[in-house]
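Below is one structure, written out as structure tokens, with a few remarks after it.
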Amino acid sequence: MSRAAVTEVKTERHPNMATDTQSRELTDGFHLVIDALKLNDIDTIFGLPGIPITDLTRMAQAEGMRVISFRHEQHAGNAAAAAGYLTQKPGICLTVSAPGFLNGLTALANATTNCFPMILISGSSEREVVDLQQGDYEEMDQLAIAKPLCKAAFRVLHAQDIGVGVARAIRSALSGRPGGVYLDLPAKLFAQTLDAVEGRNSLIKVVDPAPRQLPAPDSVQRALALLKGAKRPLIVLGKGASYAQADADIRALIEKTGIPYLPMSMAKGLLPDTHEQSASAARSYVLAEADVVMLVGARLNWLLSHGKGKTWGTPGAKQFIQIDIAPTEMDSNVPIAAPLVGDIGSCVAALLGGVGSGWAKPPAAWTGAINERKDKNLSKMAETLAKNPSPMNFHSALGVVREVIKARPDVMLVNEGANTLDFTRSIVDMYEPRKRLDVGTWGIMGIGMGFAVAAAVVTGKPVIAIEGDSAFGFSGMEVETICRYNLPICVVVFNNNGVYRGTDVNSSGTADVAPTVFVKGARYDKMMEAFGGVGVHATTPAELSKAIDEALASGKPTLINAVIDETAGTESGRITMLNPQTAAKK
Ligand code: ADP
Ligand code: TPW
């Protein structure tokens, strides 16, 4: 328990006795917030100081917490979300009121969308003034605004309730489907004092914040029966499966059943992408042809074409088993024949129990057909990767990254952009669980530097961030943060002079460049040099390879400006079709 102050308290003991002076220890709102977090094994805060939380950041640091200060709250929030995903403990983002809160809110909403546990803690202005809209400093009804964008939102008005507020926030973020929680702490709260013993007793250590949720035995039997009867079974692993940290059992289930599997982007590496049962290189074939598909921590949202349409082959010919902790996820897009509601660890363990040793592997006709397609596609890919065009394109540059990760599978990989994202996902194999962090469910740009900082801080491992030049721009200023904390992060900017490509023209005849075009030949490497990091300008795969190797060996903050052919890639990468098409003349 940290000591806020020792105050002299004068007590009248007896009318006949002289006034006595006793010492009584006090604590305050600042310290209670820190103590509540520490009591729950939360040791890091990602944030940005200012009124009313500047002292909170200082005191947290003084009390032994790691406080990572960012240049913009969105990136602190993204770091908190990634930390939550990697550790199964809610990541903490701390901001000032109104504008700081709003800057953090995008990350909170994104965390909720991705089912990552995080808590956005924002200071707020005086309730009495805010509620009467009398124009307080940074006035905003933050609690009301946060509510629809996260799992739960709480406000604490009295110091003795801080323990409850933090406990509720932690439990809300972690239990059931994980997500973002907002905790509103008005300025007045921090200075409120309380007897230290009373304060200590008001704190709560949350017991079992993410209770196991065992699946009902009959739902396990239903799923097993469906799987057993399948002629062309497929398992789809999503980032819920990565988050669950049930790696050994998931692998055992896949290997024991012999069922081909498809990892969603952040589930890559849950089993090595080179695993013989991986169907990634035959993705369109297996999605269209499978007769029974078991989803493990993956939603049938747009990333899986909502479970229907051309991607999924003959309408109605497929049956789904879905493992998810959220019962309401079932039937959200198509009927789920065998819902398996529970935590992934418990569900997979229950399935494994039912699989036993006598499980018949899928028919050879199915696995053979998959392997045939895989071989064909992989050798096509090898051919493309072997080319060395000038200027570099996505393939030749990513061929380098592919080899780096193969040699250093422990490295964390952060990835955003359009073509940069799609090509990295398909070219760079991952070998270990939870090594890949990317734009997730929303396809959001701007997670790059925040996720990279969290990955470095939380894991202590080197980080490589593969960034489209547009994507990088959303969080580029955080290279200063990377340098300030001397983090082993190597940012590779795939610089093709614009959003998607750099070749658009302004058809109006005015002097402005087209909306998707950036300054040609920009030198992003100089940004890193400005803060004392290493900047490298790479125009060939050999230069890129050397620069990444040096960055990994030195652990120094590095930014490589990798020059990519500005004609390479396509509009919006692989999701061009989501751009609205009009029949009228453009
Ligand atoms: P992807 O984008 O990789 O397909 P999604 O984010 O769509 O993955 O799906 C993740 C799913 O995993 C969510 O529906 C979420 O409820 C679920 N989930 C997260 N953690 C767990 C867990 N521990 N046990 C069961 N389901 C989980
Ligand atoms: C918060 C829209 C999707 S992808 C992208 C944008 C702006 C950048 C693509 O260019 P980049 O990659 O990064 O240079 P590449 O490899 O194709 O050259 N605002 C937000 N999120 C999204 N998704 C967008 C805009 C978008």
Side-chain angles (χ1 to χ4, degrees), residues 28-34 36-37 40 42 44-61 65 67-81 83-84 90-112 116-131 133 135-159 161-170 172-173 179-192 450 454:
D28 57 23
F30 286 116
H31 289 86
L32 287 167
V33 171
I34 296 162
L37 294 173
N40 286 288
I42 293 172
T44 307
I45 291 175
F46 303 95
L48 202 162
I51 296 171
I53 52 96
T54 313
D55 271 349
L56 184 62
T57 60
R58 287 195 194 103
M59 290 177 189
Q61 193 172 48
M65 293 189 83
V67 180
I68 306 287
S69 271
F70 283 75
R71 303 299 294 262
H72 187 291
E73 291 87 350
Q74 186 175 132
H75 313 307
N78 284 330
I92 305 295
C93 173
L94 180 63
T95 80
V96 303
S97 25
F101 156 78
L102 287 173
N103 284 346
L105 207 51
T106 306
L108 184 70
N110 188 50
T112 308
F116 298 162
M118 77 169 271
I119 303 173
L120 174 67
I121 303 180
S122 296
S124 57
S125 301
E126 298 314 325
R127 285 241 48 76
E128 296 82 349
V129 185
V130 172
D131 287 352
Q133 298 176 30
D136 204 2
Y137 167 72
E138 297 193 347
E139 175 179 293
M140 179 171 279
D141 187 358
Q142 295 168 198
L143 187 70
I145 290 165
K147 260 182 195 163
L149 298 171
C150 57
K151 262 188 90 175
F154 305 101
R155 174 158 49 224
V156 182
L157 294 177
H158 304 293
D161 292 331
I162 286 173
V164 170
V166 170
R168 299 212 73 189
I170 292 173
S172 303
V181 174
Y182 175 61
L183 188 60
D184 192 89
L185 303 182
K188 264 190 198 165
L189 179 79
F190 296 112
Q192 286 177 22

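Atoms considered below: every heavy atom in the structure, side chains included; atoms not considered: hydrogens, waters and symmetry mates. Throughout, residue positions are numbered sequentially from 1 according to the sequence presented.
Although no hydrogens or angles enter the test, the distance criterion places a donor-acceptor pair under 3.5 Å between the side chain of Gln192 and the main chain of Leu157. Glu73 places no side-chain N or O within donor-acceptor distance of the main-chain N or O of Pro99, the cut-off being under 3.5 Å. Side chain of Thr54 to main chain of Pro49: no donor-acceptor pair is present (N/O by atom type, distance under 3.5 Å, no hydrogens or angles). At distances below 3.5 Å, not a single donor-acceptor pair connects side-chain atoms of Gln74 with backbone N or O atoms of Ala107.
Taking every heavy atom of both residues into account, Pro148 and Ala144 meet most closely at CD-O, 3.3 Å. The shortest heavy-atom contact between Ala173 and Pro90 is CB-CB, 4.0 Å. Of all non-hydrogen atoms in Ser125 and Pro186, the two that sit nearest each other are O-CB, 4.3 Å. Minimum interatomic distance between Ala36 and Ile162 (heavy atoms only, all atoms of both residues): CB-CG2, 4.4 Å. Across all non-hydrogen atoms, the minimal contact from Ile92 to Thr44 is CB-O, 3.9 Å. Nearest heavy-atom pair, Ala454 versus Ala79, reported as atom, atom and distance to 0.1 Å: CB-O, 3.2 Å.
Contact annotation: the side chain of Val129 never approaches that of Tyr137 to less than 4.5 Å [non-hydrogen atoms, C-beta and beyond]. Looking only at side-chain heavy atoms (C-beta outward), Met65 and Ile42 come within less than 4.5 Å of each other. Taking the side chain as every heavy atom from C-beta outward, Leu37 and Val166 approach each other to under 4.5 Å. Proximity of Ile119 to Ile170: side-chain heavy atoms (C-beta onward) are separated by under 4.5 Å at one or more points.
Not counting sequence neighbours, Phe46 has no partner by the ring pair (Phe, Tyr, Trp, His ring centres under 6.0 Å) test. By the salt bridge (charged side-chain N to carboxylate O under 4.0 Å, His left out) test, Asp55 pairs with Arg58, sequence neighbours left out. For Arg168, there are no salt bridge (charged side-chain N to carboxylate O under 4.0 Å, His left out) partners, not counting sequence neighbours.
Remark: Asp184 CG to Lys147 NZ distance equals 10.0 Å, nearest 0.5 Å. Note that CG of Leu185 and CZ of Phe190 are 4.5 Å apart. Values are rounded to the nearest 0.5 Å. Remark: Ile145 CD1 to Leu105 CG distance equals 8.0 Å, nearest 0.5 Å. Atom NZ of Lys188 sits about 10.5 Å away from atom NE2 of His158, to the nearest 0.5 Å. The distance from atom CD1 of Ile53 to atom CE of Met59, rounded to the nearest 0.5 Å, is 12.0 Å. How far CG of Asp161 is from CZ of Arg155: 13.0 Å, rounded to the nearest 0.5 Å.
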| task | Mind running side chain to side chain contact (heavy atoms under 4.5 Å, CB included) on Thr95 and Leu120 for me, showing each step along the way? | result | CA-CA 8 Å; Thr95 80; Leu120 174 67; 3.6 Å; yes

| Audit row: Val156, Leu183, side chain to side chain contact (heavy atoms under 4.5 Å, CB included) steps and yes/no | CA-CA 8 Å; Val156 182; Leu183 188 60; 4.1 Å; yes

| query | Between Ile45 and Thr57, is a side chain to side chain contact (heavy atoms under 4.5 Å, CB included) present by the stated rule, with each step listed? | reply | CA-CA 8 Å; Ile45 291 175; Thr57 60; 5.6 Å; no

| task | Apply side chain to side chain contact (heavy atoms under 4.5 Å, CB included) to Glu138 and Ile51, showing your working. | result | CA-CA 10 Å; Glu138 297 193 347; Ile51 296 171; over 6 Å; no

